[in-house]
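Here the structure is laid out as structure tokens; the discussion comes afterwards.
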Amino acid sequence: MKTLIAIPARYASTRYPGKPLVTLKGPDGEKTLIRRSWEAAMEVQGVDRVVVATDDARIADHASGFGAEVVMTSQDARNGTERCAEVAVKLPGYDLIVNLQGDAPLTPAWFVEHLVAGMTADPGADIATPVLRCDGRAVAGFLADRRAGRVGGTTAVFGDRGRALYFSKEVIPYTGRDYAPDEPTPVFHHVGVYAYRPAALAAYPSWPMGPLETLEGLEQLRFLEQGRPVLCVEVEARGRQFWELNNPSDVAIIEAMLATTSA
């Protein structure tokens with residue numbers, strides 16, 4: 001399928017203003033968050049085009065400077081999905097539009113490749129998103145964030161066909177037990193990447209924000225609240241660590257993971 005990756009990048013983040021231009025240190029030196037996210041997107045096989053989607057001139061100038069194609073979007077977009085919908089209007093003709101969020105520079109290429117394969121195998125799904133089974137260490141980290149009042153990772157629950165039931169910033173499902181650091185758990189970390197079919201993406205901005213999306217602040221819940229099928233594609237870490245940059249405290253975590261991630 002002809003596939004476009006759009007990387008939404010917004011300067012005026014509520015939790016972390018200026019986040020796309022935050023510098024992250026790695027074995028290859030210092031690079032901004034948006035540059036590392038773009039480089040991750042460029043590693044995906046079978047993709048026809050990669051663009052940075054932003055409404056901010058500072059991000060646009062910086063992204064153009066390191067060689068990225070930039071699509072300017074309006075300031076009206078309320079989330080990354082709405083920003084991707086604007087990109088799809090400006091750049092028509094793709095079978096799939098992938099939203100690789102600009103705060104996930106550790107996203108492995110095979111996460112996106114598996115999404116495309118999942119959408120090919122399930123033509124009834126309007127959107128697909130990857131989920132990663134948590135080990136005890138990851139669950140403990142999520143719970144520690146919540147106890148400290150921080151919004152960390154998002155978790156997902158889904159049925160036997162992989163169709164999503166719910167996404168939450170709380171740790172779900174409740175298990176009532178502790179796990180060893182390397183022990184697999186029934187908790188799945190939702191990875192902030194989406195593959196949309198153009199028709200569903202085009203309809204998305206016209207749907208009202210429902211109560212669940214409003215409460216959780218999770219854009220994918222709008223699809224569920226509209227009764228649209230969302231496919232959760234289980235992916236494997238293959239020894240790679242994954243973390244999103246949601247809060248300033250995540251910078252040190254991601255830099256530590258970059259230091260141990262092989263090229």
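Residue indices begin at 1 and follow the sequence shown. Because the structure is a prediction, the values reported are computed rather than measured.
Remark: Asp95 engages no residue in a salt bridge (Lys or Arg N to Asp or Glu O under 4.0 Å) (not counting sequence neighbours). With sequence neighbours left out, the salt bridge (Lys or Arg N to Asp or Glu O under 4.0 Å) criterion links Glu183 to Arg177. When the salt bridge (Lys or Arg N to Asp or Glu O under 4.0 Å) test is applied to Lys31, the partners found at least two apart in sequence or on another chain are Asp28, Glu39. With sequence neighbours left out, Glu69 forms a side-chain hydrogen bond (donor to acceptor under 3.5 Å, both in side chains) with Arg49. Here Phe223 pairs with Tyr204, Trp207 under the ring-ring contact (aromatic ring centres under 6.0 Å, His included) rule; sequence neighbours left out.
In summary, the side chains of Tyr196 and Thr81 do present a donor paired with an acceptor at a separation below 3.5 Å, with no hydrogens or angles considered.
Although no hydrogens or angles enter the test, the distance criterion places a donor-acceptor pair under 3.5 Å between the side chain of Arg146 and the main chain of Arg150. A donor-acceptor pair is defined here as one N or O able to donate and one able to accept, closer than 3.5 Å; no such pair exists between the side chain of Glu213 and the backbone of Met209. At distances below 3.5 Å, at least one donor-acceptor pair connects side-chain atoms of Glu216 with backbone N or O atoms of Lys169. Side-chain atoms of Thr129 do not come within 3.5 Å of backbone N or O of Cys232 as any donor-acceptor pair. With Ser206 contributing its side chain and Ala203 its backbone, the two residues share a donor-acceptor pair below 3.5 Å. Using a distance-only test at 3.5 Å, with no hydrogens or angles considered, no donor-acceptor pair links the side chain of Asp250 to the main chain of Ile253. Panel note: side chain Asp48, backbone Thr3; a donor-acceptor pair is recorded below 3.5 Å. Between the side chain of Gln45 and the backbone N or O of Glu113 there is no donor-acceptor pair closer than 3.5 Å. Remark: the backbone N or O of Ala9 is not paired with any side-chain donor or acceptor of Arg83 at under 3.5 angstrom. Although no hydrogens or angles enter the test, the distance criterion places a donor-acceptor pair under 3.5 Å between the side chain of Trp110 and the main chain of Glu236.
Counting only heavy atoms from C-beta outward, the side chains of Ser74 and Glu86 approach each other to under 4.5 Å. Side-chain contact between Leu4 and Val87: present, with at least one pair of heavy atoms (C-beta onward) separated by less than 4.5 Å. Taking the side chain as every heavy atom from C-beta outward, Arg163 and Asp122 approach each other to under 4.5 Å. Two residues are said to be in side-chain contact when any heavy atoms from C-beta on lie closer than 4.5 Å; Val98 and Val47 fail this criterion.
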Check against side-chain contact (heavy atoms from CB on, under 4.5 Å), Leu91 and Val71 | CA-CA 9 Å; Leu91 303 177; Val71 175; 3.8 Å; yes
Test salt bridge (Lys or Arg N to Asp or Glu O under 4.0 Å) applied to Arg10 and Asp56, step by step | CA-CA 7 Å; Arg10 185 168 65 103; Asp56 190 272; over 6 Å; no
Take His190 and Leu218, measure what side-chain contact (heavy atoms from CB on, under 4.5 Å) needs, and give me the verdict at the end.
-> CA-CA 11 Å; His190 171 243; Leu218 296 173; 5.9 Å; no
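Counting Ile, Leu, Val, Met, Phe, Trp and Tyr side chains that sit under 4.5 Å apart, directly or through other members, Met119 shares a hydrophobic cluster with Met1, Leu96, Val116.
Atom CZ of Arg161 has 12 or fewer heavy atoms from other residues, nucleotides or ligands within 6.0 Å.
Residue Gln75 holds its CD atom at 13.5 Å from OH of Tyr11, rounded to the nearest 0.5 Å. Distance OG1/Thr32 to CG/Leu24: 8.0 Å, rounded to 0.5 Å. Note that the CD atom of Gln220 and the OH atom of Tyr194 stand 3.0 Å from one another [nearest 0.5 Å].
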